[in-house]
Amino acid sequence: MSKKNTSPLALHGGTPVRSTEKTWPAWPIYDEREKQALMEVLESRTWFYGPRVEQFEKEFAAFQDAQFCVSCNSGTAGLEIALEALGIGAGDEVIVPPYTFIATVSAVSRVGATPIFVDLDKSWCMDPNAAEAAITRRTRAIMPVHFGGRVCDIDRLRSIAQARSVALIEDACHSWGAKWEGKGTGALGLCGIFSFQQSKNMTGGEGGAILTDNEDFARLCRSIVNCGREAGMPWYHHINVGTNARLTEFQAALLSVQLSRLEEQTLKRERNGALLNSELSEIEGLEPQPSSNRITRRAYHIYCLRIDEGAFGCSRARFVEACQAEGLPISAGYPLPLYKQPVFKKLKDFDYDACHCPVTEDLCYTSGMWIMHPVLLTEEEDMWDIINIIRKVKENAELLK
Ligand SMILES: *Cc1c(COP(=O)(O)O)cnc(C)c1O
């Protein structure tokens, strides 16, 4: 059916499609503006929670179309603080996906509540039907992840959450710049949590933010982030049991510069992602993460791709190995559904051994693959390298058995 590629795979001693001299972008990206911003903070002697934090919060809220932004020192802290601010704790359940970074779920356990895992649908995001079916009298929140920067089915999830009076919390730690029907992620439900850790599409090394349109909720989150203080009250006046999860001025200064590049970078990743989607979906045995016409912007933290080993003609492990040898940084992603992680053996509030989410298990064990976002910040010809690499592997799939 497919014509044989004359050149042998790099894995078998052939010439790689992409020469090792052509590097992919180093991450994070910075220039003189970051250097200058950092020096200004240094010399100002205001190194924590000052005017730059305030300014970044305003900028980020506006960028994501949210009314309020409460910055904090990590996405993990933001998730925990949002749950705490909702009064979620022992005896409560929070519905989460098992295909995500551990923090989505550990945040629930950290506040004493029970994470309830529900599977994904074909979008790599939480299946709204599964979420609806998992709601009990104890459920206090649904916490989907916009996986890879692809916004999950917010309309359905919001109507389920509203009908059952539970909070909808977006784990938006992959979705800076993403939009659902024209509105940015983060305040599509009660609140959304972002991460600015070094691997993310905009970064201050570490950092996080809680976005919301609810002023009272924002005030409570800010108080918890800042030792239980209250705005406008004396420094040693504490009205809540808080913590110290404040962002520094150095981080905020970096983040403002990073944010100024995000629009352009997001459009570039989206353009490149769309080209990969249209070309790779033509290859039998491959399926890019599906879009939706209600997603008016995709963020592409991860370019997600599924392989059907039978239809493609070789195993995922061999595919990844062969692509890497041709010069494409691709990986198999999460090795395990979160409920299989050792930590859940220790938690006695739920029988996690009994969890079974077939879509997630398939992504982890046989089909899921990731290309990280810096790769999408290159030019169209670089996308053609990726497409040609994958076509070459396809043509040689039989030799990879
Ligand atoms: C990165 C990430 C987090 C946690 O963010 P940190 O800033 O690293 O604490 C939470 N959820 C998801 C989906 C993430 O990718």
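Counting convention: from 1, in listed order, for ligands and their atoms alike. Just so we're clear, the structure is a prediction, and the values are computed from it rather than from any experiment.
Of the heavy atoms in His301, none comes closer than 4.0 Å to ligand 1. When non-hydrogen atoms are compared, ligand 1 lies under 4.0 Å from the backbone of Ser74 as well as from its side chain.
Of all protein heavy atoms, the one lying nearest to atom 12 (C) of ligand 1 is Cys173 CB, 3.4 Å. Looking only at protein heavy atoms, the nearest one to atom 4 (C) of ligand 1 is Thr76 OG1, 3.6 Å. In terms of protein heavy-atom proximity, atom 11 (N) of ligand 1 is nearest to Asp171 OD2, 2.8 Å.
Ring orientation note: the planes of Trp124 and Phe147 are close to parallel, at an angle under 30° on the 30°/60° scale. Using a 30° and 60° split on the angle between ring planes, His174 and His301 fall in the tilted class, from 30° to 60°.
Applying the 6.0 Å contact sphere to NZ of Lys122 captures no more than 12 heavy atoms from other residues, nucleotides or ligands.
Each of Trp27, Trp24, Tyr300 was scored for a ring pair (Phe, Tyr, Trp, His ring centres under 6.0 Å) with His373, with one residue passing: Trp27.
Of the candidates Gln198, Lys200, Gln197, the one placing a heavy atom closest to atom 2 (C) of ligand 1 is Lys200.
Below 4.0 Å from some heavy atom of Thr104 lie the following atoms of ligand 1, by number and element: 11 (N). Counting atoms of ligand 1 from 1 in the listed order, those under 4.0 Å from a heavy atom of Ala103 are 4 (C), 10 (C). The ligand atoms of ligand 1 that sit less than 4.0 angstrom from a heavy atom of Thr100 are 13 (C).
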Pairs of donor and acceptor atoms involving the side chains of residues 323-334, under 3.5 Å and at least two apart or interchain, shall be tabulated with distances.
from	atom 1	to	atom 2	distance (Å)
Gln324	NE2	Ile330	O	2.8
Glu326	OE1	Val17	N	3.0
Glu326	OE1	Lys392	NZ	3.0
Glu326	OE2	Ala10	N	2.7
Glu326	OE2	Lys392	NZ	3.3
Ser331	OG	Gly333	N	3.3
Tyr334	OH	Phe101	N	2.9

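For Gly75, a nitrogen or oxygen atom sits less than 3.5 Å from a nitrogen or oxygen atom of ligand 1, counting backbone and side chain alike.
A distance-only check finds no donor-acceptor pair linking the side chain of Thr139 to the backbone of Glu93 [under 3.5 Å].
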Task: CA sep, side-chain torsions, deciding dist, call: Arg269, Asn272, side chain to side chain donor-acceptor pair (under 3.5 Å) - done: CA-CA 5 Å; Arg269 289 191 189 100; Asn272 283 332; over 6 Å; no
